[in-house]
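Keep in mind that the numbers below use all heavy atoms, side chains included, and drop hydrogens, waters and symmetry copies. Starting from 1, each residue takes its place in the sequence as its number.
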Amino acid sequence: ADFRRARPVREVFPELLEAVKHARGRPKLAQTKQHISLRLDPHVIAGFKAMGPGWQRRINEVLARALARSRANATATKPRKPARRRAA
């Protein structure tokens with residue numbers, strides 16, 4: 001008799017089901033990271049892992065700083081166009 005009267009939880013407690021659905025897991029990031037396969041020297045990986053948890057994040061930070069420096073150097077050392085000479 002009880003089983004015949006049973007109804008799905010989404011009918012009985014729809015707001016509870018929504019709250020549980022939204023409360024699970026980590027919030028979505030505005031910009032997610034991209035998964036790639038990258039080959040690094042074993043001593044580089046061992047060095048970062050030896051620093052403890054978060055080694056992949058630290059590798060990302062080092063690469064991001066190197067890229068920013070590289071871009072800054074590229075714009076600073078860009079050759080300038082020579083000024084045009086005016087005819088006398």
Side-chain angles (χ1 to χ4, degrees):
D2 288 337
F3 285 109
R4 275 186 260 128
R5 287 187 317 217
R7 295 188 340 224
V9 71
R10 68 180 157 274
E11 289 179 16
V12 180
F13 300 109
E15 61 282 338
L16 178 65
L17 194 61
E18 282 299 311
V20 170
K21 190 182 343 178
H22 290 293
R24 298 176 84 178
R26 197 164 87 182
K28 298 286 183 194
L29 299 173
Q31 183 176 4
T32 58
K33 294 186 177 181
Q34 188 174 2
H35 184 263
I36 64 161
S37 177
L38 179 65
R39 298 174 68 83
L40 300 172
D41 290 336
H43 74 277
V44 172
I45 296 171
F48 276 93
K49 281 185 173 183
M51 292 183 222
W55 63 274
Q56 291 175 328
R57 176 186 45 78
R58 282 192 298 278
I59 290 175
N60 186 65
E61 290 169 356
V62 168
L63 290 172
R65 282 194 307 266
L67 181 61
R69 270 195 315 270
S70 176
R71 286 181 176 166
N73 289 341
T75 57
T77 59
K78 228 180 217 183
R80 299 171 90 184
K81 289 184 179 180
R84 286 187 169 183
R85 293 187 180 187
R86 292 186 177 179

Problem - Side-chain (Thr75) to main-chain (Ala72) donor-acceptor, under 3.5 angstrom - result: yes
Problem - Any donor-acceptor N/O pair, Arg10 side chain to Glu15 backbone, under 3.5 Å - result: no
Problem - ILVMFWY network linking Phe3 to Val9, side-chain heavy atoms under 4.5 angstrom - result: no
Problem - Hphob cluster co-occupancy, Leu67 + Ile36, side-chain heavy atoms under 4.5 angstrom - result: no
[atom2] on [Y] to [atom1] on [X], rounded to 0.5 Å:
X: Leu17; Y: Glu11; atom1: CG; atom2: CD; answer: 11.5 Å
X: Gln56; Y: Lys49; atom1: CD; atom2: NZ; answer: 8.0 Å
X: Arg69; Y: Arg71; atom1: CZ; atom2: CZ; answer: 13.0 Å
X: Leu40; Y: His43; atom1: CG; atom2: NE2; answer: 9.5 Å
X: Ile59; Y: Leu63; atom1: CD1; atom2: CG; answer: 7.5 Å

Exercise for the section: Provide the closest heavy-atom pair for Trp55 versus Phe48 in the form atom of the first, atom of the second, distance. Expected result: CB-O, 3.2 Å
Handout entry: Pairwise side-chain contact, Asn60 with Arg57, heavy-atom cut-off 4.5 Å (strictly under)
Key =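 Answer no - side chains too far apart.
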